[in-house]
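In what follows, a structure is listed as structure tokens, so that the remarks can point back to it.
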Amino acid sequence: MQSFVELRQRLHRIPEPGFQEWKTQALILDYLQTLSASGGRVEVQTWRTGVLVKVKGTNPAKVIGYRADIDGLPIEEETGLSYRSTHPGFMHACGHDMHTAIALGILTHFVKHPMADDLLVIFQPAEEGPGGAKPMLASEEFAKWRPDLIFALHIAPEYPVGTIAVRPGAMFAQSSVLRIELQGLGGHGAMPHQANDMIMASAHLIMQLHSVVARNVDPQDAAVISIGKLESGVRSNIIADKASLTGTIRTFSDATMEKVTGRIRSIVQGVETSFDCQAQLELRPGYCSVHNDEALTEEFMEWVKSEGLASVSESGRTMGGEDFGFFLREIPGFLFWLGVDTPYGLHHAKLNPNESAIEHAITVMTKYIEWKSGQ
Ligand SMILES: [Zn+2]
Ligand SMILES: [Zn+2]
């Protein structure tokens with residue numbers, strides 16, 4: 001039997017982008033083969049590049065779900081580790097290799113030591129984009145084994161190993177993608193009065209967009225508008241006739257998202273009038289917020305403390321996104337931060353989580369799931 005640290009290192013070598021996790025899927029399926037000799041408790045379905053594994057309970061009253069995301073990121077790894085990525089330009093820089101190894105550990109435990117309830121372990125593709133949770137939830141494969149409760153974790157570089165941080169209620173923000181196309185009139189850089197400059201219009205537009213969070217959102221609430229990309233212009237003496245802006249919007253509530261997007265619509269219309277140009281606005285919803293079930297999360301925090309399995313603290317909210325929120329919108333559960341103690345943050349080319357967190361997480365989650373199974 002391989003250790004879960006070894007499995008994590010094998011996964012670390014083969015990071016793959018969303019919906020292309022074929023080698024990762026093959027590795028998971030290979031590993032499951034080694035378990036299938038253990039009493040025929042394991043049933044497997046694949047869904048695109050994901051895998052759903054059911055471990056049958058001895059006397060099931062419900063299905064307990066556990067989800068791991070499995071995709072990597074388009075980042076060139078700079079850790080210098082012996083087991084660094086063998087896929088140029090890709091890296092497990094968000095710890096999804098750790099998540100996958102932990103899920104395999106939990107699964108293995110319940111194959112060897114069956115509990116009363118059924119366990120569904122979900123290996124979900126494409127968390128980093130375009131998003132695997134939403135279409136997976138809508139799939140026939142998922143419907144067949146739909147869990148009654150669902151849990152997940154995410155590695156947290158800033159917390160030491162042996163600690164867990166979680167928050168009842170909203171923990172990750174919801175997001176929307178913003179795209180604005182401006183069309184004016186090009187011309188000679190020396191004759192601005194004969195043209196209609198879309199770089200000038202963009203500059204005003206961006207300044208006004210940044211006033212929305214400052215002046216329309218309750219300071220006790222939170223929102224972000226970031227324009228991450230602005231494309232315009234050709235060369236120094238040509239006035240730009242077009243500009244294209246894309247950005248992201250983050251809020252914790254639907255109401256704040258509506259308010260912010262409403263203001264953006266008005267501002268874009270205003271720029272169209274004041275700069276006498278054509279403006280097209282496109283708003284595309286991204287991930288919903290991660291909203292942890294309050295009662296279950298509080299109960300979990302108390303339980304971990306009373307069992308002495310980890311030091312537990314209440315985390316802050318993050319404006320980051322996580323598509324696990326789609327599961328939590330339909331199924332009660334929570335996602336928590338697992339301390340992995342490393343100086344580099346998530347999505348950093350030098351991220352190097354402490355692998356002793358793998359055993360820690362497996363211990364906490366197998367004991368917790370066992371306990372929930374008895375309820
Ligand atoms: Zn990530
Ligand atoms: Zn992640």
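Both counts, for ligands and for their atoms, begin at 1 and track the order of listing.
For the pair Arg317 and Phe252, the cation sits on the ring face: its NZ or CZ lies under 6.0 Å from the ring centre, inside 45° of the axis.
Taking 4.0 Å as the cut-off between side-chain N and carboxylate O, Asp118 and Lys56 do not count as a salt-bridged pair. The pair Arg167-Glu314 meets the salt-bridge criterion, since a charged nitrogen lies less than 4.0 angstrom from a carboxylate oxygen.
For residues 93-105, the set of pairs meeting the salt bridge (Lys or Arg N to Asp or Glu O under 4.0 Å) definition, not counting sequence neighbours, comprises Arg8-Asp97.
Taking the six-membered ring for Trp and thresholds of 30 and 60 degrees, His92 and His12 have ring planes inclined between 30 and 60 degrees apart.
Distances from the Zn ion (ligand 2) under 2.8 Å pick out these protein N/O/S atoms: Cys94 SG, His96 NE2, His154 NE2.
If you look at His347 and ask which of its N, O or S atoms sits nearest the Zn ion (ligand 1), the answer is NE2.
In this structure, Met91 CE and Glu78 CD are separated by 8.5 Å, a value rounded to the nearest 0.5 Å.
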